[in-house]
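Below is one structure, written out as structure tokens; the observations come after it.
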Amino acid sequence: DTEVTQTPKHLVMGMTNKKSLKCEQHMGHRAMYWYKQKAKKPPELMFVYSYEKLSINESVPSRFSPECPNSSLLNLHLHALQPEDSALYLCASSQDRGGVGNNQPQHFGDGTRLSIL
Amino acid sequence: GNSVTQMEGPVTLSEEAFLTINCTYTATGYPSLFWYVQYPGEGLQLLLKATKADDKGSNKGFEATYRKETTSFHLEKGSVQVSDSAVYFCALSSGGSQGNLIFGKGTKLSVKP
């Protein structure tokens, strides 16, 4: 069983809809991540939160809006998505990020499979 | 910049065969190295890790040794099972102010009974 919980597991939405993806972890991790994974590709980093503050935004379009309400929760708000945004969205967490010799593994959830009609 | 190169798949093996998936990396400093596994319809699971040269990570019969002289972290298993069928990702953590994972392209393994 994964210790990072993502909901919903599947989401189908139209291009004009607004929806949110949710991620929760109770491991006391202070870094949380959103990734996008297309079929047969590795995950691509979208956002990094460290101590509830956004620290990395990998040039993600503004139709994706992350939010970290507290140290256990991470949301991804979606609005006006395009068909090419259909993918598996993965959340991950780690004890911390950065630092010399960073050896903190990231723990992933099972993802939300998003389909844009 | 930092990068990870792993062997192209797919790899198809018979049950109980020996598995090697090659992974080499390019990095400045002293990265940590990881193998993740992704079963169909699931997220990524950490399979094993190594944080310094000559470290050997192991889990569920899989092993990988951090070889700084050859900048490699090859994944091996002596006897694969059908349940090992999955996609395997080699990754490095660059440390510093980023702490991001850099993934290889993934290798799909299919094990036939």
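Proteins get letters first, then strands, A, B, ... in listed order; numbering begins at 1 in each.
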Worksheet entry | Which residues share a salt bridge (charged side-chain N to carboxylate O under 4.0 Å, His left out) with B/K52, sequence neighbours left out | B/D55
Do you know the tightest heavy-atom contact between [X] and [Y]?
{"X": "B/G104", "Y": "A/P42", "answer": "O-CB, 3.3 Å"}
{"X": "B/L46", "Y": "A/P105", "answer": "CD2-CB, 3.5 Å"}
{"X": "A/P43", "Y": "B/F103", "answer": "O-CD1, 3.8 Å"}

Discussion item. Quick test of your reading: applying ring pair (Phe, Tyr, Trp, His ring centres under 6.0 Å), list the pairs with at least one residue in residues 56-94 of chain A, sequence neighbours left out, ordered by first then second residue.
Written reply: A/F64-A/Y89
Discussion item. Report which part of B/Y36 has an atom under 4.5 Å of a heavy atom belonging to chain A: side chain, backbone, both, or neither.
Written reply: side chain
Discussion item. If I measure from the heavy atoms of chain A, does B/Q45 come under 4.5 Å with its side chain, its backbone, both, or neither?
Written reply: neither
Worksheet entry | Same apolar cluster (I L V M F W Y, side chains within < 4.5 Å links), B/L47/B/Y66 | yes
Assess whether atom [atom1] of [X] is packed by more than 12 heavy atoms of other residues, nucleotides or ligands within 6.0 Å.
{"X": "A/M15", "atom1": "CE", "answer": "no"}
{"X": "B/Q81", "atom1": "CD", "answer": "yes"}
{"X": "B/E16", "atom1": "CD", "answer": "no"}
{"X": "A/K41", "atom1": "NZ", "answer": "no"}

Item to complete: Would you indicate whether the side-chain heavy atoms of B/L101 and A/F108 approach each other to under 4.5 Å?
Response: yes
Worksheet item: Is there side-chain contact between A/Q37 and B/L44, with heavy atoms separated by less than 4.5 Å?
Response: yes
Fill in: B/Q38 CD to A/D110 CG distance, which is reported to the nearest 0.5 Å
9.5 Å
Worksheet item: At what distance, to the nearest 0.5 angstrom, does CD of A/Q106 lie from NZ of B/K49?
Response: 12.0 Å
